[in-house]
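Down below is the structure, laid out as structure tokens.
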Amino acid sequence: MNKVVSGPVAALQGLKDGMTLMLGGFGLCGIPENCIAELVRMNIKGLTCISNNAGVDEFGLGLLLQKRQIRKMISSYVGENALFEQLMLSGELEVDLIPQGSLAERCRAGGAGIPAFFTPAGHGTEVAEGKEVRVFNGKPHILESALTADFAIVKAWKGDHFGNLIYKGTARNFNPMMAMAGKITVAEVEELVEPGELDPNFIHTPGIFVQRIFQGEKYEKRIEQRTVRKRD
Amino acid sequence: MNKVVSGPVAALQGLKDGMTLMLGGFGLCGIPENCIAELVRMNIKGLTCISNNAGVDEFGLGLLLQKRQIRKMISSYVGENALFEQLMLSGELEVDLIPQGSLAERCRAGGAGIPAFFTPAGHGTEVAEGKEVRVFNGKPHILESALTADFAIVKAWKGDHFGNLIYKGTARNFNPMMAMAGKITVAEVEELVEPGELDPNFIHTPGIFVQRIFQGEKYEKRIEQRTVRKRD
Amino acid sequence: MIRGQETLNLKREPLNLYNPMALDKNGIAKRIAQELRDGYYVNLGIGIPTLVANYIPEGIEVEFQSENGILGMGPFPFEGEEDADLINAGKQTITARPGACYFDSATSFAMIRGQHVHLTVLGAMEVSERGDIANWKIPGKMVKGMGGAMDLVASAENIIVAMMHANKAGESKLLPECSLPITGVGCVKRIVTELAVLDITPEGFKLIERAPGVSVEEIKALTAGRLVIEGEIPEMRI
Amino acid sequence: MIRGQETLNLKREPLNLYNPMALDKNGIAKRIAQELRDGYYVNLGIGIPTLVANYIPEGIEVEFQSENGILGMGPFPFEGEEDADLINAGKQTITARPGACYFDSATSFAMIRGQHVHLTVLGAMEVSERGDIANWKIPGKMVKGMGGAMDLVASAENIIVAMMHANKAGESKLLPECSLPITGVGCVKRIVTELAVLDITPEGFKLIERAPGVSVEEIKALTAGRLVIEGEIPEMRI
């Protein structure tokens, strides 16, 4: 039951052109930096990437966009990436924009064996086009389907040999749901510990959802909007 | 934002005959003992109780059954309670038996604004009667609807003034989902602490879901099946 | 829980080109802050809505949710104390208050969709007289995405829009129909602009208050949708 | 993670009234334990299935999930070390192994429904030759409820039923059709009884192995549904 692999090369073994990936993170917060670097090195092409954002021009998924490795993005907000906008408007990049809450819930549904659910989000908008509408309690809802991925790639703060994960602060975001929804789920962590070191009462992602785990070599953890206040 | 009330009397204010309640716990593990005692004292009648189990004859929801306070039970397993079986077979008690996973998910859905979802559980059985069936990925699923309650009554290990909750071990069970699904959610805790004492990274139920909280006077925590092994 | 005032680092600047009496961004935020009630959980969008946190009325306590996964958001950190793992939905570094908690995105939108958040304040490009809102897309031009806005507007019971009355070209943003792709249908309850407070009613935009020194005629001139004016319209008290 | 053998406190008792050669409960559990593979997450139902944990083959590691909210379930506690907040789905006091974790019921059934659990072993009152299972209700008599069984059988990819070949009245529990209300449709893959191992195939119950000393004729006599017998049927190796 030891799921530890040596590093990103071993963790991403079997990942091929044209596959669908989920990548955790919100903005640059909680993204799997080491796996993204390895994806760039591998030069895998034609990827469908499910990720709330698309990184910035020089970091995160922006690195894969620069090398034109992504065929399709499924995201909720991509405003931080100028290249993204350009590729999308020129038609080089297929884009499916999804309300953030529906994206999170669709990943969870994919991992939880729920093929579809109703949500009010997006009713009456472009997002509802082609989707079933049904009224519950007098309010129209649309039917959204589950998302799954060939590989889900998540980043956690701490993890153990069984794949149990703990995230830190708002770096948790989409990681737990994506961890549930991968056929193969890869977790990179800042600190890998022995089984029993993590309190079983405070595990965010139970190890059953994780197939491979490794400790990332380094984390840059870039800040997008450094905002501070003055000391009095 | 201080949600602390003096005790179960104040916590259950406004709870009336005929209301729908959710009560956390699995078996006798993690049940809101102090609130149940108060419900017995109040002698509220005609209740619909949503709870995975119905207690045992002399403890938990069994106490409400003894006083015929419950009109309808929505549960997944009631095998530990002889009186329950008798009341049900005689028609005095209306019973809706639901697969355990569907029960948990329906409570979560109620709290999460998802009016309905598809699940494979119960397809082809009595549970599917009158429910919409749809095939996803070649497998039939049934449409299940959200559950909500006038009062959700949960029990946690620790809680703070804002209603943030931490559960212990397998006493967590249904409590987090039910906490989400109450119009008024009451939490009783073993230990009430000041805001800031609980690590924000390890809160199981965010305070936003809780309206009233108090520290229970005492917890009996009865064990249903005391099972031990011999020391070598 | 935020008590009293916090200082956010946004500059004070006049925004309306047409009326020097109009409110600035902070004025709009101050007026919206009067809608806060004790015990509210509040989600503030990016831009003017963020400023609302600076003007919480004395004596009440509210808590801020940010949809990326925090309840109990505090002010920006002191320089040197930024934590890359602690940001808000605008990707800004933040702090957490005592009693805060972190959660995943599914739980965050369970709070929003499940109507546990009492008030949502967000910006808009257009609002229709029926309460439709457009704030996520300009076809062929801007493709940033809707983020959490569609979930917020579809679910929140109480939505206040904070925006300028007109766009930079001087065209009204309060329209009979949205011309841009909409974010949500019939969801806006109240609009606060630099000129006025307006409610969405079955009859259209109902004028509730004027900015100090702004006339009803000026508001009429910049409102393209149906405008309902009943009796004397009081000035805002900021 | 459980390595090797654990001692659970269930008595050894002969169960089949018809054949003294038949397996007892522990024998059934031992045979099922041979189905375990390294790295499996396993959910064991109440009764005979629970005993499977005592016979994990040497050299493999498996982890046990209990649907009330634990992964990494360990053996029963030593006397005096029981914790009321730590039980399994049978409401028995248990322990947690290093690397265990606790979770809520929605997450637990997300694991089950999402097919993250590799093997489910449960008891049954009846199994049909198409793989339908009945184990939750006797109309007008037993109304215990299905608990997690319906979720488990509807979702698990790999379901093994552990049961006696016949009921106490000597009637076969392997039927053409279930007579009791079913728990799930066409979901059982394999059945292990005190007499035999049988797989569900399009042609019916396919006999895979015989209990040591039990003849094919005896199995035939107690199987009411279609029984497929191809070639020599080997004895189980327990």
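Below, chain A is the first sequence line, B the second, and so on; all start at residue 1.
For the pair D:Trp136 and B:Glu126, the minimum side-chain heavy-atom distance is below 4.5 Å. You'll find the side chain of D:Met146 reaches within 4.5 Å of the side chain of B:Val127, heavy atoms only. Residues D:Ile87 and B:Glu224 are not in side-chain contact: their nearest non-hydrogen atoms beyond the backbone lie 4.5 Å or more apart.
When each of D:Val153, D:Asp85, D:Asp83, D:Leu152 is scored by its heavy-atom pairs under 4.5 Å with chain B, the top score falls to D:Asp85. Taking chain D as the reference chain and counting heavy-atom pairs below 4.5 Å, the highest number among B:Pro140, B:Ala128, B:Gly30, B:Ser102 is found for B:Ser102. The greatest number of non-hydrogen atom pairs below 4.5 Å with chain D, out of B:Met88, B:Arg172, B:Glu105, is found for B:Arg172.
By the neighbour-count criterion of 12 heavy atoms within 6.0 Å, atom CD of B:Glu92 is densely surrounded, having more than that number from other residues, nucleotides or ligands. No more than 12 heavy atoms of other residues, nucleotides or ligands shown are found within 6.0 angstrom of CD on B:Glu58.
To the nearest 0.5 Å, atoms OG (D:Ser108) and CZ (B:Phe26) are separated by 9.0 Å. In this structure, CZ in D:Arg113 is found 4.5 Å from OG1 in B:Thr119, a value given to the nearest 0.5 Å.
Across all non-hydrogen atoms, the minimal contact from D:Ala84 to B:Cys29 is O-SG, 3.4 Å. Heavy atoms only, all atoms of each residue included: D:Phe76 and B:Arg229 are closest at O-NE, 2.5 Å. Scanning both residues, B:Gly101 and D:Asp151, for their nearest heavy atoms gives N-OD2, 2.9 Å.
Of the two parts of B:Ile98, only the backbone, made up of N, CA, C and O, holds a non-hydrogen atom closer than 4.5 Å to a non-hydrogen atom of chain D. In this structure, no portion of B:Gln86 lies under 4.5 Å from any heavy atom of chain D. Interface remark: D:Thr183 contributes backbone atoms only to the contact with chain B (heavy atom separation under 4.5 Å). Heavy-atom distances place the backbone of D:Lys141, and not its side chain, under 4.5 Å from chain B. Both the backbone and the side chain of D:Leu86 come within less than 4.5 Å of a heavy atom in chain B. For a residue to count as touching a neighbouring chain, one of its non-hydrogen atoms must lie under 4.5 Å from one of that chain's; by this rule D:Asn88 touches chain B with the backbone only. Heavy atoms of B:Asn81 lying under 4.5 Å from chain D are absent altogether.
Comment: B:Arg108 does not engage D:Asp104 in a salt bridge, judged by the lack of any side-chain N to carboxylate O separation of less than 4.0 angstrom. Ion pairing of D:Glu81 with B:Arg231 is present here, as a side-chain N (NZ or NE/NH1/NH2) and a carboxylate O approach within less than 4.0 Å.
Remark: side-chain polar atoms of B:Gln100 are paired, donor with acceptor, to backbone N or O of D:Gly148 under 3.5 angstrom. Between the side chain of B:Thr170 and the backbone N or O of D:Gly69 there is no donor-acceptor pair closer than 3.5 Å. Proximity of a side-chain donor or acceptor of B:Lys139 to a complementary backbone N or O of D:Ala154 within less than 3.5 Å is detected. No donor-acceptor pair closer than 3.5 Å links the side chain of B:Thr125 to the backbone N or O of D:Gly184.
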